[in-house]
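In the text below, chain A, chain B and the rest are named by the order of the sequence lines, each starting its count at 1.
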2 protein chains.
Amino acid sequence: MTGGYLKGRIRREDIIAAAVAVYAEAGYHGSSLREIAKRAGITHAGLLYYFPTKEALLAAVLERRDAENVERERLAIPPGLDFLRHMLALAAHNVRHRGMVDLYSRLAAEAVAPSHPAHDYFARHYAVAREHAELSFRAVAEAGGLRAGVDPAQAGLCFVALMDGLQVQWLTGPERVDLVAAMRFYLEGVLTVPLE
Amino acid sequence: MTGGYLKGRIRREDIIAAAVAVYAEAGYHGSSLREIAKRAGITHAGLLYYFPTKEALLAAVLERRDAENVERERLAIPPGLDFLRHMLALAAHNVRHRGMVDLYSRLAAEAVAPSHPAHDYFARHYAVAREHAELSFRAVAEAGGLRAGVDPAQAGLCFVALMDGLQVQWLTGPERVDLVAAMRFYLEGVLTVPLE
DNA sequence: CCTACCGATCGGTAGG
DNA sequence: CCTACCGATCGGTAGG
């Protein structure tokens, strides 16, 4: 007699997982509720019982991405050298989980349009990422670990931008780009302390 | 009695210009021949008289982008410090021509899928860009202008990736990102010679 | 959750 | 170059 709610939550998770896969392949505008529903094993009308519109499903996907990141990526990590190290580990993790990188890169490019339903999400995401990176470089600088003359704000902006740009090149030709080595190259050029 | 061919060429240019604008706003998959045709002042069937399929129009757009770049960007510039300076000038140019940056960023992200009709174009584009940047840093190194221990290959890859990543952040919030200053920051951190 | 349906839009073709 | 059309697909709703 119990379990009704549980089943619903599992269904929701199935649908979200299917949406992540399809968004990654086709982008948001390019994907259809029917294709997502099929992969989740229901009809598209059934999907709309759980998520009333196409946009509501996108919102749920972005929410779950954040929830995962808060748990695993731990923005809770205080800004500083450890955070930069952690981003390197995240890059290594991403290389083994192409789906999430695909999703992120496709949606970020689509969402530059202010009318895109994920625009505000990415504007906020970038602001937070830049801020956290800048504070990290600033903390490292105060500990004497930053090369002379390096501006923490610029270093933070470039760190975030580099990660994004490398991901697109890596997705385009995975065998041609060593994402983690390139990130390490950048950090080693800016820091005066060892990374590990 | 003359001019028939000329008129056709002008029409083609109108259609391509309209396609650039629509691709930039909606991506390739997200744009329709009807919308592009409307902006060019004809019907979608009329457009198909000039470009027989949706893919043929995309190919024409990419070809024109290359033609423009060969002329203005001059990959003819030999690898070296002048090429890096030129990329800075190109970044400054891009900031005043958002449409081309939009088009490029949207298509690049879409085209990471090997099945995308522009995939090979971007794979080649990235390979050429990395190669040219690497050779530039190598030339600078031989003239003693590269900081000790900097690998030209990594510096080239990161230079190209940084440009792409900055463009997406700049498109998402133009008032929050100074694209040219960030590029300059990166170059000044890697080079030991002044940029201007 | 499904069946059945709606109006809108898509790329492409026929025929002129 | 246009009118007129095709089959396919879209997001969403009704009604159960």
**Test side-chain hydrogen bond (donor to acceptor under 3.5 Å, both in side chains) applied to A:E175 - qualifying residues, sequence neighbours left out** = none

**Complete:** Across all chains, not counting sequence neighbours, the side-chain hydrogen bond (donor to acceptor under 3.5 Å, both in side chains) partners of B:Y50 are none

Show the atom names and distances, to 0.1 Å, of all donor-acceptor pairs under 3.5 Å that link a side chain in residues 13-28 of chain A to residues at least two apart or in another chain.
unit_1: A:E13; atom_1: OE1; unit_2: A:R64; atom_2: NH1; d: 2.9
unit_1: A:E25; atom_1: OE1; unit_2: A:R39; atom_2: NH2; d: 3.0
unit_1: A:E25; atom_1: OE2; unit_2: A:R39; atom_2: NH1; d: 3.2
unit_1: A:Y28; atom_1: OH; unit_2: A:E55; atom_2: N; d: 3.4

**Residue pairs, two or more places apart or on separate chains, that pass salt bridge (Lys or Arg N to Asp or Glu O under 4.0 Å) and touch residues 99-111 of chain A** = A:R98-A:D102

**Message:** Distance check needed: D:dG11 C1' versus A:H29 NE2, whole Å only.
**Reply:** 13 Å

**Request:** Determine which bases of DNA chain C form Watson-Crick or G-U wobble pairs with both distances under 3.5 Å, and write the result as a 5' to 3' dot-bracket string with | for other-strand partners.
**Result:** ||||||||||||||||

**Asked** Taking only residues two or more places apart in sequence, or in another chain, which ones meet B:A111 in a side-chain contact (heavy atoms from CB on, under 4.5 Å)?
**Response** B:H116, B:A118, B:F122

Under 3.5 Å, which donor-acceptor pairs do the side chains of residues 150-159 of chain A form with other protein atoms, sequence neighbours left out?
unit_1: A:D151; atom_1: OD1; unit_2: A:A153; atom_2: N; d: 3.2

**For A:E142, side-chain contact (heavy atoms from CB on, under 4.5 Å) partners two or more places apart** = A:R138

**Asked** Any donor and acceptor pair, going by atom type alone, linking the side chain of A:S136 with main-chain N or O of A:P79 inside 3.5 Å?
**Response** no

**Item:** Members of residues 30-48 of chain B that approach DNA chain C, where some heavy atom sits under 4.0 Å away
**Value:** B:S31, B:S32, B:L33, B:R34, B:H44, B:A45, B:L48

**Prompt:** Please give, in whole Å, the distance from C:dA8 C1' to A:K54 NZ?
**Reply:** 14 Å

